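Keep in mind that what you see is a predicted model, and the values were worked out from it rather than measured. Lettering follows sequence order; numbering is per chain, from 1. Just so it is clear, the values below take in all heavy atoms, side chains as well, and ignore hydrogens, waters and symmetry mates.
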Amino acid sequence: MEPISLTGTVLLLPLASALVIMLFHGLLKNVAHLVSTGVSIIMFGCALIFLGAEDQPNGLLLYEYLKVGTFTADIGFVVDTQSRGMLFIVTFIGMLVHIYSLGYMKDDDARARYFGALSLFMFSMNGIVLADNLVMMFIFWELVGVSSYLLIGHWFKKPEAADAAKKAFLTNRVGDFGFMAGILILFGLTGHVSIAQLQGSMESGALNHIRDNYEWIITLAGLGLFLGAMGKSAQAPLHVWLPDAMEGPTPVSALIHAATMVAAGVYMLVRVYFIIGASHVTGDIIAWIGGITALMAALMATQQSDIKKILAYSTLSQLGYMVMAVGLGGPKEGMFHLYTHAFFKAMLFLGSGAVIYACHHEQNIWKMGGLYKKMPVTFWTFAIGTAALMGVPLMAGFWSKEGILAVAYPEHGHGNGILFGMAVLTATLTAFYMTRLVVVAFFGKARGKDADHAHEAPLVMILPLVVLAFPSVLAGYHFLAEPLQALVPNHHEGAGAKVVMGCSLVAVIVGFLAATRLYRNADKDPVNIPLFANKFYIDEFYAGLVKYGQDRFAWLVTALERIFVDGLTVRLPAALASGLGSWMRGLQSGSLQAYTFVLGLGIVVVVYLAVFFSTKP
Amino acid sequence: MSPLSLELGLGLLGLVLLLVESFASVPRKLIAYAAIGGLLAALAVIVSGAAGSVPDSLKEFYVVDPLALFYKGFAIIATLATIILSLEYAPIIHQFVATHPERTKEAGLGEFYSLPLFVCVGMMVMASAVDLITIFVALELVTVSFYVLVAFMRRSAASLEAGVKYLILGALSTGLLVYGMSWLYGMTGELSLSGVAYKLAHWEGNSAPILFAVGLMLAGLAFKVGAVPFHIWIPDVYQGAPTPVTAFLSVGSKAAGFVVLTRIVGTFLTPGSVVAGPVIQILLILGGATILLGNLAAIAQTNFKRLLGYSSIAHAGYLLVALACIHTGGLKMTSGEVAAFYLATYLPMTFVCFLILSAMRAKGYGEDIASLKGLGRANPTLGLALAIALASLAGLPLTAGFMGKFFVIFATVLEGYYTYLAIAVIGAATGFFYYFKVILAVYSKPDGPSEGPTPDLGLLSKVSLAVFVAAILVVGVYPDLIRFALVK
């Protein structure tokens, strides 16, 4: 197949599926899930073929979307290693999540709506991956926001879910504002939005000139784009929506809030890396925000008791890793971690879904325990995922984490000792909290009757776990990474490499040992750090900000508005106008004689104006 | 085919229908349908471009240019809408016409359906008239037909009162107009507008008599279009006249006045004309005063029909200002075309309001704004249509009304008439206040607990309602639809 028809299919098929399901919701009640899943399988097939497509330096044009003068914004596709690899990940995980959802959402009343939204999400995500210009990317960016909103709020009758959906949407708005500002700055500087053209301009064109003379503008544009990525990839301080988003169905958490949508921010940063890399300030800020997010989220994860929340904070932490790598001048390292992380984190989420399913929607790990015997497949796959996430040597996560640590190591071009230390600490904490999760949930004795009666999940749910176990182990090796078109970072050599390797190993061992010691046979959490359990009180801080800052400001603004806007500029003229109006109404007496008199007066005035009052107007 | 034959044909159709009304006992609805059919056929001829031209010998009196064709089409559509509206309003006409309403079923209705045809003929001739006599005769054909229509409900005191007021004040204004015309003829010796224009451009000597004539003529025409202070008849006549006639007056009669005004002002403002300065001055002052008074006085209205009357006054103000802005090259339209565009947007929104008013009236509701309460719930379609029409009258973006106002305001900017720009903006802002008050009523709960009958429309009215609402929305985003028809 031609690349254009492949990408066209990948983009339009899920749209068709979403539209059909949403329009004929009632009619397709019993087949919608099959339609959507079938579409996801076809998409995956297309993505596989697409892996062999040739690079297209000029992109592929599907449809000329917007044309004003010489400015164009098209629906066009970029074909390079990055897009091919990412499309594979998105469609692969997407397909597995569709299949898994067949089991997980079997008894849901609104299953058709769920699968419709899932198709819409696939459409939007594919659009981001394939976008060859920033306007198209922004459009699909927003569409991803919408479908995420729909999916988080799938159980909208639960107030928490509705609130979480709203929170995710609003928080993302803040980021999107920055994204748009960034796009507008670049558009203002160059007059186009195509990524290829912008890159060309950065190499030898207007942007190049501007970078040499006014670097701050480029910094500003880069930071704007990064703000967009901060929203989608949940970087501090815009991370608050992601843990709450766990109110959505678990397969959604796996697809959107672990493997794909949240990765979109990193993907976008790597796409526009030529802008970010052009300014040191941008890179530094990005690296620091990524590092802080990674460490802070890891700290919070150590004190959570909800299985999905732990994974959510872990996701935050890993996203912070990726962002830090990009900021430190390692876009390939960031993308490589995105690629490995997608597999094992999706698997962990799906595994947690199986656990939750088995325990009748119990999510508190302190009410689980002893599940390894009852759910062997889930346990083993979960253990593999955990090992991969911890960075146990030879697992997928090991290679990619290694790469990031190497970028952060002071010997590397942009490396930074403090960030390196933070990254190692994060790795230690990761090993710690993941071991804690596995030990508490799967070992010991059952601490609740739901856990006591738990049994293995059905085959459609197990199957994706098993499938994902393979890349979780093998994705880091060249024989798999190369055909899947992952951006494999260059191997780091030198004295630093050994130090990095050593730190990484020590981190895993320390974290693992500490957690096993602390949590083996524990019935309740022996450690209690309210600061971490309460997520550094950031939500409370925001609430306070709204309450004491925004509300008071709003009060002041209202008062000013009442006096000046409402009073002086609206009510006063309105009163004047009504007064005049009533007076004019009074002129309309109904008496014909009076009317004739007015008419005569009018004639006199007009004739006077005409004959005697002839100045230019 | 000459467009003149369209006018003759429609006039003949009107006569035949009057005869049928008198001597044959056919269902009166058929008369309306025949009129509608004739009008549709004429519209088809005009739209298809088959109207052709007139022999050279007539060109002194009668031209066929895009503006003329546009106004002819406008006249036909307005007449069509009026007849459809009349079908809706028939029960009330009948009630106030027949001596024994319960015995005679359709007394007087046939006449009511066929008279608008004569107005239409007058308007169509006027659209092409470029000669003082032709203009005057056509204008009087319109006005005289309207005298009859306004006073048509002879058993309603309000209708009769409106008729008398309109007749007397109308006669006064006609007198002014003819007096002005005769002065103009006396001074220039010309009846054709082109001749007058040539004389004005090469005038030597005292210009006071010419200016006197110009003043009188403008005053007379200001009456027809309802400009301050010659608007004085409008509220009473609009309120008293049968609703379809009110609609026809506010759209048709106004358009008739403006087509004449466009031609005559165009003559006065011919390059090098001695009267150009004062004419622009008068147009602007009248226009500004009209915008202010129309909008301000509308605020205090409680009767919806009367509100629409003031609204029509306010819109006339914008039209006058539009005519005064002659340097509109930036808009790629002449000032006359800006005015024509404005009128074309004004037609659908006004007719939608009157259609719904008729529907309410036919179900026994009053004409107060308060009686619209609950419409949004009782008949959401009508409620929404009315809301859209009112939003368009106010000039909400994405509606046709916005585009009309936009062009006028743009024209004032191009001319640098900042005072009038301010007035236009103040007027528009005021408009939002009182139009949205009506929308608020549409969507608020009815005062009483009793649920009245649900207002509804007949099929023809529904179709025209849909067409008008669609036109409001389409022109609101794609104004070129009308501009193409205008600027060939």
Side-chain angles (χ1 to χ4, degrees), chain A residues 63-69 71 73 135 139 142 560-617, chain B residues 161 164-165 168-169 172-173 176 180 207-220 222-223 227-236 274-286 292-301 306 310 324 415 417 419-420 426 429-430 433-434:
Chain A
Y63 170 63
E64 201 170 68
Y65 170 66
L66 185 68
K67 185 167 169 61
V68 182
F71 169 76
V135 168
I139 293 171
E142 297 297 303
L560 290 178
E561 195 217 294
R562 293 240 167 98
I563 297 169
F564 290 101
V565 181
D566 238 27
L568 287 181
T569 64
V570 175
R571 282 184 201 280
L572 187 70
L576 275 178
S578 319
L580 269 174
S582 309
W583 176 71
M584 285 170 185
R585 196 178 178 207
L587 284 184
Q588 211 70 44
S589 60
S591 148
L592 189 55
Q593 286 88 336
Y595 289 0
T596 322
F597 179 70
V598 172
L599 220 62
L601 221 56
I603 296 162
V604 173
V605 170
V606 170
V607 168
Y608 170 78
L609 281 175
V611 182
F612 302 105
F613 188 81
S614 52
T615 48
K616 283 287 284 176
Chain B
E161 184 191 332
V164 170
K165 280 179 178 165
I168 290 177
L169 296 175
L172 188 64
S173 81
L176 283 175
S207 61
I210 298 268
L211 287 169
F212 182 62
V214 165
L216 288 177
M217 284 173 69
L218 287 181
F223 173 87
V228 171
F230 309 98
H231 71 289
I232 198 89
W233 57 281
I234 283 188
D236 288 8
V274 281
V275 296
V279 166
I280 289 181
Q281 181 87 42
I282 292 170
L283 286 175
L284 281 175
I285 291 177
L286 289 188
L292 282 181
L293 187 131
N295 279 310
L296 289 178
I299 292 177
Q301 301 306 320
R306 220 171 156 90
Y310 279 104
E415 287 280 359
Y417 296 155
T419 317
Y420 296 95
I426 291 172
T430 322
F433 178 69
Y434 60 83

Self-check item: Separation between CG of B:D236 and OH of A:Y595, rounded to the nearest 0.5 Å
Solution: 3.0 Å
Practice problem: With sequence neighbours left out, write down each residue that passes ring-ring contact (aromatic ring centres under 6.0 Å, His included) with B:F212, or none if nothing qualifies. | Solution: B:W183
Exercise. Tell me, out of B:A219, B:A213, B:A208, B:P235, who's got the most heavy-atom pairs with chain A below 4.5 Å.
Key: B:P235
Quiz item: Tell me, side chain or backbone of B:I168 under 4.5 Å from chain A's heavy atoms, or both, or neither?
Solution: side chain
Self-check item: Partners meeting ring-ring contact (aromatic ring centres under 6.0 Å, His included) with B:F223 (sequence neighbours left out)
Solution: B:W233
Quiz item: From A:L609 CG over to B:I285 CD1, what is the distance, rounded to the nearest 0.5 angstrom?
Solution: 4.5 Å
Practice problem: Check whether B:E161 gets within reach of chain A through its side chain, its backbone, both or neither, counting any heavy atom under 4.5 Å. | Solution: side chain
Quiz item: Non-hydrogen atoms of chain A under 4.5 Å away: do they reach the side chain of B:L296, the backbone, both or neither?
Solution: both
Quiz item: If you count the non-hydrogen atoms of other residues, nucleotides and ligands that lie under 6.0 Å from CZ in A:F71, is the total more than 12?
Solution: yes
Practice problem: For A:A610 and B:G215, work out which heavy atoms get closest and say how close. | Solution: CB-CA, 4.0 Å
Quiz item: By a 4.5 Å heavy-atom criterion (distance strictly below it), what part of B:L286 contacts chain A: side chain, backbone, both, or neither?
Solution: side chain
Practice problem: Give, for atom CG of A:L592 and atom CD1 of B:I232, the distance between the pair rounded to the nearest 0.5 Å. | Solution: 10.5 Å
Exercise. Answer yes or no: is there a side-chain heavy-atom contact under 4.5 Å between A:I603 and B:F230?
Key: yes
